[in-house]
Number of protein chains: 2
Amino acid sequence: MQSTAAEDYVKAIYHHTEWQPEPVTPSQLAARLGLANSTVTEMVKKLAAAGLVHHRPYGAIELTREGAALAVRQVRRHRVVETWLVERHGYDWDEVHDEAEILEHALSDRLLDSIAASLGDPVRDPHGDPIPARDGTVTRPDAVLLADAQLGHEGAVVRIADDDPAMLRFLAESGVALDAALAVLGQKPYSGSMQVRTATGTVDLGPDVAQSIWLTA
Amino acid sequence: MQSTAAEDYVKAIYHHTEWQPEPVTPSQLAARLGLANSTVTEMVKKLAAAGLVHHRPYGAIELTREGAALAVRQVRRHRVVETWLVERHGYDWDEVHDEAEILEHALSDRLLDSIAASLGDPVRDPHGDPIPARDGTVTRPDAVLLADAQLGHEGAVVRIADDDPAMLRFLAESGVALDAALAVLGQKPYSGSMQVRTATGTVDLGPDVAQSIWLTA
DNA sequence: GATGAGATTTCGGCATACCGAAATCATTGC
DNA sequence: GCAATGATTTCGGTATGCCGAAATCTCATC
């Protein structure tokens, strides 16, 4: 059991718990992977038989130690490839995902490590997501969701979880990029939008954006 | 019909006729691909239905215009990847094939062209095999097999068709590498081996080696 | 012109990974 | 405590690509 399908499943399970941990259900997994529920049930059974996940019928799905290791390996591959595409091949953030999704299954360990080394062994990808090390170590910065930040909180942007290219462009133009220093000036009641100071000025960010931006604590 | 299997089949058919043209039979194809004859028969039927090959039952197999275009595209991908692995990632000649075999199916056109451009759009791979251009143009140098060369023939090495790493190392140490100037000094009767002058001295090359080295005409 | 060797094709089967429909389960609301 | 709802699982089925064994064809040889 080491098919590309298996790799995709464990990676999807891993992602579900990466930033806010709660076990994943078959239907959530099916939605994320774009598959029928019945397909996921069958595959999860096989993954369980292969020792990659824990799953009792009608229960939630959790990775075993072995499954988590495989997932972390895949995440490393995916994010190294994304970083490489952006830094060396002129891809934009929104263009890398599909290509990386395929390549992460095709590169040998040797080539992947060589690519990572040529990039200086980066520790985060273009979105700020941590890139696991070769040995599976994941260093995740202490981060606060902008939406949860206290009034007056100041911090640098460590992660931008949005995939919408238009949104990313807007943020970049507003002075919101990885490592940019932000300060939370205020919170508009009802609208849920946040007023934020950047290096160059002040911006209002809507609630969904505030759910996508993470700051240093 | 554009599966990785189809790509492998048309590429194998193409290779068969690349340096000495004769149509390929199902059993030759099966041997080259490491598959059962029955599998090849079935797949060829599908390729024919898809318009990639001509094939009447019990006859030879030939590429259609469309099949040849797909094959050339795959050859380009394979050779660009091999060149990239050797030039940028420290692979040796004998180590690139398996990796390239997988990657050639996984790279998008955009990424492949970007990689080729980063290498200066090379026209030949580490073995001297021509790399087809983006538009499918193949420029093959006029070449003479060393084994067929006239006595006194002088020319530069344009292709080394051997895959054996020990052999390649021996050749490199003997002054036989791509672009090296050689002169055919003599031919030993019966043994079939050739005496050749290199920049640094004189070497005897056995008949199988002489079947693998190509010189400018 | 028949025959037999060797290549080719046909046939039934297998594995993977997917689907929709039907059956089953768990839990919430009454 | 029970029914109904929504999630989960089971079941039959599909497509691709592979295999070995059996049937069939071709062609050289006699």
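Sequence lines set the chain letters: A, B, ... in the order given, protein chains first and strands last, and positions in each chain run from 1.
Taking atom CE of residue A:Met43 and atom P of nucleotide C:dA15, one finds them 15 Å apart after rounding to whole Å. Rounding to whole angstrom units, CD of residue A:Glu42 and C1' of C:dC19 are separated by 9 Å.
Taking the six-membered ring where tryptophan is involved, the planes of B:His127 and B:Trp93 are tilted, since the angle between them lies from 30° to 60°.
A salt bridge links B:Glu18 with B:Arg79: the closest approach of a Lys/Arg side-chain nitrogen to an acidic carboxylate oxygen falls below 4.0 angstrom.
The side chain of A:His55 lies closest to D:dT9, out of D:dG17, D:dT9, C:dG20. Checking C:dC18, D:dG17, D:dG20 against every side-chain atom of B:Ser3, the shortest atom distance belongs to D:dG17. Each of D:dG17, C:dA17, C:dC19 was ranked by its minimum atom distance to the side chain of A:Thr39; first place goes to C:dC19.
A close approach under 4.0 Å does not occur between any side-chain nitrogen or oxygen of B:Ser27 and OP1 or OP2 of C:dG6. Listed pair A:Lys46 / C:dA15 fails the phosphate criterion, with no side-chain N or O lying under 4.0 Å from OP1 or OP2. Contact check, B:Ser38 against D:dA21: no side-chain N or O comes under 4.0 Å of OP1 or OP2.
Note on the helix from C:dG1-D:dC30 to C:dC30-D:dG1: terminal axis deviation equals 20°, with five pairs used at each end and the result rounded to 10°.
Counting any heavy atom pair closer than 4.0 Å across all strands shown, A:Thr41 reaches a base atom.
The number of heavy atoms from other shown groups lying within 6.0 Å of CG (B:Asp142) does not exceed 12.
Between A:Tyr58 and B:Thr4, it is A:Tyr58 whose nearest contact on DNA chain D lies nearer the 5' terminus.
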